[in-house]
Amino acid sequence: MRKDAHMMLNTENKIPEDTAKKPGKDYDDDSISERNKSLGTPRSRPVSELIKETVQLHEKLQHQERPKLAELKSDEQNQSVKVAQMKAAFDSAQKTPEKPIERKPSMRKDMRRVVRQSKFRHVFGQAVKNDQCYDDIRVSRVTWDSAFCAVNPKFVALIIEASGGGAFLVLPLHKTGRIDKSYPTVCGHTGPVLDIDWCPHNDQVIASGSEDCTVMVWQIPENGLVTSMSEPVVILEGHSKRVGIITWHPTARNILLSAGCDNQIIIWNVGTGEAMINLEDMHPDVIYNVCWNRNGSLICTSCKDKSIRVIDPRKQEIVGEKEKAHEGARPMRAIFLSDGNILTTGFSRMSERQLALWNTQNLEEPMTVNEMDTSNGVLLPFYDPDTNVVYLCGKGDSSIRYFEITDEAPYVHFLNTFASKEPQRGMGYMPKRGLDVNKCEIARFYKLHERKCEPIVMTVPRKSDLFQDDLYPDTAGPDPALEAEEWFDGKNGDPILISLKNGYVPGKNREFKVVKKNMLDNKCLLSSVCPVKTGLTKSEAKLEEILKEIKSLKDMISSQEKRLVQLEEQMSKLAI
């Protein structure tokens, strides 16, 4: 403080401008003024004045510093209070640990809601190497929403472009690499092939539907085709328009369902080559898809009129129906789940792709609806009843989405997406018994590109090399639970399950034979009318003409009977 006062005094006591030069030295005015400024030489003043000024400065400085010290003291006190409060809060939290213990379980519950535990959460897809693909294949360009591919543990079948009719390739699974253009095909149809399906009870039997309005059943040699095949085991004729849907019965032998653009569903007994059930008045428009339930007692269908229907085919009646299941105009798909519920894919009014789950006991409102994106491709669902996982493959997409179905809301849980670069034109799905259980493989797809077929493997990451019981419960085997006649008589049978613990070992498939009962019955009828033995005195051409005439008469009689029943119903209504 003394130093500050002394400095202020020095600044006030500057040398006046008219100060005289000292004799004997040569200084000019400028140098003197600069020296006076730098040194600040004091002028002569009385000592009493200086003492008064210093006392006044001391008093001023003391008055200015007192409030600052008071403020500093108050700030220190406030900070000490805050620190004390923080210490008290911390000590109380340590003394009373009940509060954080109560909060922890609620946090865990919230985390459970967000992150659901599932052993399929980390399933990842991986495309195989190029040398394990099927290259140089001319995949069909028909504008029909079919998978264009069917797979079983022995063969992969692919619908291809063919001139002068329809054809499809049948390749053994090990026949990878480039496929020669001269490789033999199955080429018996006169129009493009629209759908193919392997028989679940015989790995060498495949059925095909075509634009030529026929269904053909083929038996492939055990080691694959050596020459092109143009003669099917049986030709099933009954549709008046192209046949776009083919599906085998899951548990009964030799039962095949076909649906055509004539809005009819026909259920065939392939063993006898006859149409047993014809569902013709149930769909007013084109049928998009048909699916059996787990034991084959019911079917569900999706139609262009935006309705899904649950049908009992043997009683020939609609058990349940939901109009406008999806309000969009683009095609829908509907499949049965193992618990009896129905999963559908379709489009909303705003052309958003949707996934919905329905309870067959109450089809008024869906159990849940998920909206995904605004792509135009039709979603093809593939369902694994053993793990309750649904895979959605959109035509034209480059990804596969998969979801897990559970009994708890929201029922449909998104798992993950497999994404690739090139779009898919079709997709084949391998049955569970054709997978490699040693690599924790839970699904395998065969993705169709424009010129090749690429297998995609879905794997659950596990460290152990042992068999994983939770991933591979007993699955449906190749043995049928029923014969065709038993099912038509009203019996039902669940799939016969097999274990995959030691891997699936395919057994020897018995030869597929067709015994046409219609022909035998008609021949017996002719022999009863004519005492001469048929086939000996008359030519085959004449016999075929007579059989056709008898068939046309039967059809005429049945149509007249139906018309008569309709007239009787109208009369009864008018009488009421």
Pairwise distance CG(N152) to CD(Q204) - rounded to 0.5 angstrom: 9.0 Å

Nearest-0.5 Å distance that lies between atom CG in L194 and atom CD1 in I246: 9.5 Å

Shortest non-hydrogen contact from P313 toward S297: CD-O, 3.5 Å

Any donor-acceptor N/O pair, Y429 side chain to C149 backbone, under 3.5 Å: no

Distance-only side-chain donor-acceptor flag, H326 / T344, under 3.5 Å: yes

Value rounded to 0.5 Å, distance of OH in Y134 from SG in C453: 6.5 Å

Note, R294 side chain near P250 side chain (heavy atom, < 4.5 Å): no

Residue pair I159 / F168: nearest heavy atoms and the distance that separates them: CA-CB, 3.8 Å

T185 side chain vs A167 backbone, donor-acceptor pair below 3.5 Å: no

Expected output: side-chain Y402 to main-chain V123 donor-acceptor under 3.5 Å: yes

Side chains of K501 and Y472 in contact at under 4.5 Å (non-hydrogen atoms): no

Test log, rule side chain to side chain contact (heavy atoms under 4.5 Å, CB included), inputs M458 and I400: CA-CA 10 Å; M458 297 286 181; I400 301 173; 4.2 Å; yes

Side-chain donor/acceptor of Y383 to backbone N/O of S338, under 3.5 Å: yes

Contact summary for L343 and L337, nearest pair of heavy atoms: CB-CD2, 4.1 Å

Neighbour count >12 (heavy atoms, 6.0 Å) for atom NZ, K306: yes

Exercise: identify the closest heavy-atom pair between R433 and P153: NH1-CG, 3.7 Å

Min side-chain heavy-atom separation I342-L357 under 4.5 Å: no

Test log, rule side chain to side chain contact (heavy atoms under 4.5 Å, CB included), inputs K119 and T387: CA-CA 10 Å; K119 55 193 169 189; T387 58; over 6 Å; no

Under 3.5 Å donor-acceptor, K395 side chain and A147 backbone: no

R330 side-chain N/O to N376 backbone N/O, donor-acceptor pair under 3.5 Å: yes

Worked verdict on H413 versus S118 for side-chain hydrogen bond (donor to acceptor under 3.5 Å, both in side chains): CA-CA 10 Å; H413 306 273; S118 172; over 6 Å; no

Residue pair T251 / N295, side-chain donor-acceptor N/O under 3.5 Å: no

Neighbour count >12 (heavy atoms, 6.0 Å) for atom CG, D489: yes

Parallel, tilted or perpendicular: rings of F382 and F445 (30°, 60°): perpendicular

Under 3.5 Å: donor-acceptor pair, side chain of N289, backbone of I245: no

Test salt bridge (Lys or Arg N to Asp or Glu O under 4.0 Å) applied to R178 and D135, step by step: CA-CA 4 Å; R178 184 179 175 276; D135 290 320; over 6 Å; no

T345 (side chain) donor-acceptor with L379 (main chain) under 3.5 angstrom: yes

Heavy-atom side-chain contact between N416 and F120 under 4.5 Å: no

Step-by-step salt bridge (Lys or Arg N to Asp or Glu O under 4.0 Å) determination, K154 to D203: CA-CA 7 Å; K154 283 188 176 181; D203 289 338; 5.6 Å; no

Passing candidate, side-chain hydrogen bond (donor to acceptor under 3.5 Å, both in side chains) with E454, options H449, Q424, K447: H449

Check: D212 main-chain N/O paired with S210 side-chain donor or acceptor under 3.5 Å: yes

Verdict with reasoning, D136 to K452, per salt bridge (Lys or Arg N to Asp or Glu O under 4.0 Å): CA-CA 6 Å; D136 204 12; K452 75 173 182 178; over 6 Å; no

Side chain to side chain contact (heavy atoms under 4.5 Å, CB included) between I255 and F488, worked out: CA-CA 9 Å; I255 294 179; F488 286 115; 4.0 Å; yes

Smallest separation among heavy atoms of I456 and F418, with atom names: CD1-CE2, 3.4 Å

Quiz item: cation-pi between R314 and W487, 6.0 Å / 45°: yes

D397 versus S399, side-chain donor and acceptor atoms under 3.5 Å: no

With sequence neighbours excluded, residues passing side chain to side chain donor-acceptor pair (under 3.5 Å) with Q468: R462

Separation between CG of L415 and CZ of R401, rounded to the nearest 0.5 Å: 13.0 Å

I308 side chain near T301 side chain, heavy-atom distance below 4.5 Å: no

E317 atom CD, over 12 foreign heavy atoms within 6.0 Å: yes

Side chain to side chain, L448 and I137, heavy atoms closer than 4.5 Å: no

Residue pair V193, S140: steps toward the side chain to side chain contact (heavy atoms under 4.5 Å, CB included) verdict: CA-CA 9 Å; V193 178; S140 175; over 6 Å; no

Going by atom type alone, with no hydrogens or angles, which donor-acceptor pairs under 3.5 Å involve a side-chain atom of residues 257-267 and a protein atom two or more places apart or on another chain?
{"unit_1": "S258", "atom_1": "OG", "unit_2": "H239", "atom_2": "NE2", "d": "2.8"}
{"unit_1": "S258", "atom_1": "OG", "unit_2": "W268", "atom_2": "NE1", "d": "2.8"}
{"unit_1": "D262", "atom_1": "OD1", "unit_2": "H239", "atom_2": "ND1", "d": "3.4"}
{"unit_1": "D262", "atom_1": "OD1", "unit_2": "Q264", "atom_2": "N", "d": "3.3"}
{"unit_1": "D262", "atom_1": "OD2", "unit_2": "H239", "atom_2": "ND1", "d": "3.3"}
{"unit_1": "D262", "atom_1": "OD2", "unit_2": "S240", "atom_2": "N", "d": "3.0"}
{"unit_1": "N263", "atom_1": "OD1", "unit_2": "V286", "atom_2": "N", "d": "3.4"}
{"unit_1": "Q264", "atom_1": "OE1", "unit_2": "N278", "atom_2": "ND2", "d": "3.3"}

Euclidean distance, I179 CD1 relative to R138 CZ, rounded to 0.5 Å: 11.5 Å

Main-chain N/O of C303 paired to R309 side chain as donor or acceptor, under 3.5 Å: no

V457 and V128, any side-chain heavy atoms less than 4.5 Å apart: yes

R242 and W144, any side-chain heavy atoms less than 4.5 Å apart: yes

R141, CZ atom: more than 12 neighbouring heavy atoms under 6.0 Å: no

From N254 atom CG to W248 atom CH2, the distance as rounded to the nearest 0.5 Å: 6.5 Å

